Amino acid sequence: MAGGLIPIDEAREHVLQPCSAPDAVAAHTLPGRFPASVMGAVLAADVVSAEDVPPFANSAVDGYAVRAADVVGASPQSSTELRVTGEIAAGAAANVDVENGRAVRIMTGAPMPVGADAVVMVEDTVFDGDKSVLDGSQSVRVLKAVKPGDGVRDAGDDVRRGETVFAAGTAITPAVAAVLASINAREAMVHRRPRVAVLSTGDELIDDGSPLAPGQIRESNRSMLVGLVDQCGADAVDHGIVRDDEAVLEDVLRRAANDCDAIVTSGGVSMGDYDVVKAVLSRIADMRWMQIAIKPAKPFAFGLLTNDHGVAVPVFGLPGNPVSSLVSFELLARPALRRMAGHPESAWDRPVVTAVADQPLKRGRDGKVHYQRVVARFAADGRVHVESVRAQASHQLAATALANAIAVVPDGDGVPAGGEVPVILLVT
Ligand code: AMP
Ligand code: MG
């Protein structure tokens, strides 16, 4: 690789290797309800259901529980009349049986009465009498034949008792939380969310809202990194802005290593004289300083900082340029942090699809893979199409912020309009 640059895959392997999931812990839940902090957490053990869902056979519709054999051939032209002998609402017990030539009015979710094997939906019936009177003398006309099982939800046809509903490695989404509630799983073993220290370095950075003094800029990377860490299923711990001062930085890094499972720094990993992150980490941690064959985000550092308890804490040294910070987080920190959060390998990376470039994705040959920020959309041809965002320099975060995908443009002359390109979708 030109000029000592290493391929992205090699950097990724190196970073992922020491990053494993922390210990599993039990997450206690309120009845039927998970605390918001459990969302995104990853199950550390299989969940086996102790109950059937639904717990009993019940009606899928509002209508009339019947014996399918009684309404064979029923149609609007030739309806079948059945005596209505009772009514069952959701939440009630099915205390009336259905005999030949009889029907029971039933509501969605109500238990199926003994004897009935199907439900005719109310739209396929005509009830001529007064619905409020149910004295067993009234009839319903059924306008449609049903087969056994129609309109019925069998016990256990969502989840069966004894079944593994969710394998270890499943992330808790709102729907997963609801299923756990449906099977009365009041406690689930989940991986502890890794605590990830986030800090920015640079004497030029301020975040206190005061007017900018000459040479100062507003710090922005922490706002982004905290959100990106959260998307990994980890908890960001803000360690603020650290001045370009070796003693101060060393102190913050050591405290972060004692308190967190990983550290993400921004800035100070290039070749400049004030790149104190490089100076300090080279001294106190076991680091690899990489120049990766990608653009943006060429400089990147990864290593292990052993804390006071003897634990080797992964440190991700991202470049300070905001777009570079974002891209190196996406490519390198994200898979490692997701691994630490307990996600299975299939969920470490964002989805990648092949897209069509609507305009040329221009680039020159430089031995690097370019990660161009693009807007992706589904088009009428059923394919994903992409367009470059208006500005691609590594400090121009405003344009990148509107991207929803990153095109992976290999070394060469770029992708012509209409050409295909792999894109990383910035969705989970
Ligand atoms: P560095 O990686 O420290 O050499 O910084 C590279 C560029 O990114 C410089 O222009 C910095 O001012 C800028 N920069 C570094 N850190 C941040 C940050 N946290 N927020 C916004 N810009 C930053
Ligand atoms: Mg700096």
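Both ligands and their constituent atoms are indexed starting at 1 by order of listing. Position 1 is the first residue of the sequence, and the numbers go up from there. Source: prediction; values computed, not measured.
The contact set between ligand 1 and Ser266, taken as ligand atoms under 4.0 Å from a residue heavy atom, comprises 16 (N), 19 (N). Close approach of ligand 1 to Asn321 is summarised as follows: ligand atoms under 4.0 Å from at least one heavy atom of the residue are 6 (C), 7 (C), 8 (O). Counting the atoms of ligand 1 from 1 in the order shown, those under 4.0 Å from a heavy atom of Ser200 are 19 (N). The distance from ligand 1 to the heavy atoms of Glu204 drops below 4.0 Å at these ligand atoms: 11 (C), 12 (O). If you number the atoms of ligand 1 from 1 as listed, the ones under 4.0 Å from a heavy atom of Gly268 come out as 1 (P), 2 (O), 3 (O).
Within the 4.0 Å heavy-atom criterion, neither part of Val269 lies near ligand 1.
Put simply, OG on Ser270 and CD on Gln291 are 7.5 Å apart, with the number rounded to the nearest 0.5 Å. Summarising the geometry, atom OG belonging to Ser388 is positioned 9.5 Å from atom NZ belonging to Lys362; distances are rounded to the nearest 0.5 Å.
Residues Asp251 and Arg255 are paired through a salt bridge, judged by an N-O separation under 4.0 Å between the basic side chain and the carboxylate. The pair Asp235-Arg193 meets the salt-bridge criterion, since a charged nitrogen lies less than 4.0 angstrom from a carboxylate oxygen. A salt bridge is absent between Asp207 and Arg218: the closest approach of a Lys/Arg side-chain nitrogen to an acidic carboxylate oxygen does not fall below 4.0 angstrom. Between Arg12 and Asp349 there is a salt bridge, since at least one side-chain N of the basic residue sits less than 4.0 Å from a carboxylate O of the acidic one.
For atom 19 (N) of ligand 1, the closest non-hydrogen atom on the protein side is Glu219 OE2, 2.8 Å. Looking only at protein heavy atoms, the nearest one to atom 4 (O) of ligand 1 is Asp275 OD1, 3.9 Å. The protein heavy atom nearest to atom 18 (C) of ligand 1 is Asn221 ND2, 3.4 Å. For atom 22 (N) of ligand 1, the nearest non-hydrogen atom of the protein is Ile217 CD1, 3.5 Å. Taking atom 20 (N) of ligand 1 as the reference point, the nearest protein heavy-atom neighbour is Ser220 N, 3.0 Å.
For the pair His239 (side chain) and Val237 (backbone), a donor-acceptor distance under 3.5 Å is present.
Here the rule is side chain to side chain contact (heavy atoms under 4.5 Å, CB included) with Val421, and of Val408, Val356, Leu361, Thr354 only Leu361 fits it.
In this structure, of Ser223, Pro299, Gly320, Gly215, the residue bringing a heavy atom nearest to atom 5 (O) of ligand 1 is Gly320.
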